[in-house]
Amino acid sequence: MIDFFCKNLWRWKCGLPEIELDTNPYRLTLDQIKQRNCNHPEFATFDKMADNRMIMGFYRYGEVGKQGMIRRAEYLKMKAEEYLKTGNMECLLDLRNVARVEWVEKSHPNAHFKSIDDKNHGERG
């Protein structure tokens with residue numbers, strides 16, 4: 001809290017507007033963080049388009065959980081590489097849906113969940 005006060009004192013002395021306490025990211029509630037980071041308007045479009053493809057996938061491949069063993073790991077890698085090469089955002093929809101089906105059906109022989117922090121969080125820029 002003292003750090004926050006000192007930053008504002010410095011800003012006031014320099015003629016800059018003060019930072020409001022509720023805009024400090026460390027003072028946000030979980031609901032506020034969820035609203036800002038999980039409910040972006042573009043996510044609704046993405047989810048609707050992905051869900052439409054899941055419906056089509058029902059007719060092509062069957063019900064999730066009953067599609068059988070498919071090598072999804074290789075498909076995920078291929079789609080990620082295709083997106084990096086072409087920038088076609090349809091690949092992102094495919095990645096989302098195939099990952100969801102893989103979460104349910106676990107075609108990878110060593111499928112498991114272990115929460116780790118590899119310290120590799122991408123770069124800002």
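Quick caveat, the model's predicted, so the values are computed rather than measured.
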For this session: Identify, with sequence neighbours excluded, every residue that meets side chain to side chain donor-acceptor pair (under 3.5 Å) alongside Asn52.
Result: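 Once residues adjacent in sequence are excluded, Asn52 has no partner under the side chain to side chain donor-acceptor pair (under 3.5 Å) criterion.
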
For this session: Taking side chain to side chain donor-acceptor pair (under 3.5 Å) as the test, write out the residues that go with Glu102, two or more places apart.
Result: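 With neighbours one apart ignored, the set is Arg72, Ser107.
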
Exercise. If you measure from CZ on Arg60 to CE on Met56, what distance do you get to the nearest 0.5 Å?
Worked result: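 Separation between the atoms: 5.0 Å.
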
Problem set entry | Heavy-atom closest pair, residues Glu105 and Val64 |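 Where Glu105 meets Val64 most closely, the heavy atoms are OE2-C, 3.8 Å.
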
For this session: To the nearest 0.5 angstrom, please state how far the CG atom of Leu95 sits from the OH atom of Tyr83.
Result: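 It is 10.0 Å, given to the nearest 0.5 Å.
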
Problem set entry | Heavy-atom neighbours of Leu30 CG exceed 12 at 6.0 Å |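 For Leu30, atom CG is not crowded (no more than 12 foreign heavy atoms under 6.0 Å).
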
Exercise. Within a reach of under 6.0 Å around NZ of Lys77, are more than 12 heavy atoms found that belong to other residues, nucleotides or ligands?
Worked result: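 Atom NZ in Lys77 is not packed in, count stays at 12 or less.
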
Exercise. Residues two or more places apart in sequence or in another chain: which of them pass ring-ring contact (aromatic ring centres under 6.0 Å, His included) with His108?
Worked result: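 Here no residue qualifies.
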
For this session: Could you pull out the closest heavy-atom pair between Phe46 and Leu92, with the gap in Å?
Result: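 Phe46 and Leu92 have their closest heavy atoms at CZ-O, 3.7 Å.
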
Exercise. Would one find more than 12 heavy atoms of other residues, nucleotides or ligands at under 6.0 Å from atom CE of Met78?
Worked result: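 Buried by this count: over 12 neighbours within 6.0 Å.
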
Exercise. Trp103, Val101: one ILVMFWY side-chain cluster at the under-4.5 Å cut-off?
Worked result: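 Shared cluster, no.
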
Exercise. Any side-chain heavy atom of Arg96 within less than 4.5 Å of one from Asp51?
Worked result: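 Heavy-atom side-chain distance check passes, below 4.5 Å.
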
For this session: Rounded to the nearest 0.5 Å, what's the gap from NZ on Lys79 to CG on Leu93? Could you check?
Result: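 Nearest 0.5 Å value for the NZ-CG distance: 10.0 Å.
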
For this session: Nearest 0.5 Å please: distance from the NE2 atom of His40 over to the OG1 atom of Thr45.
Result: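 Output value for this atom pair is 10.0 Å.
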
Exercise. Nearest 0.5 Å, what's the CE-CZ distance between Met49 and Arg53?
Worked result: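 Answer rounded to 0.5 Å: 4.5 Å.
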
Exercise. If you measure from CG on Asn97 to CG on Leu76, what distance do you get to the nearest 0.5 Å?
Worked result: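 Spacing of CG (Asn97) from CG (Leu76) equals 10.5 Å.
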
Problem set entry | Heavy-atom pair of closest approach, residues Arg11 and Pro17 |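 Closest heavy-atom pair between Arg11 and Pro17: NE-O, 2.8 Å.
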
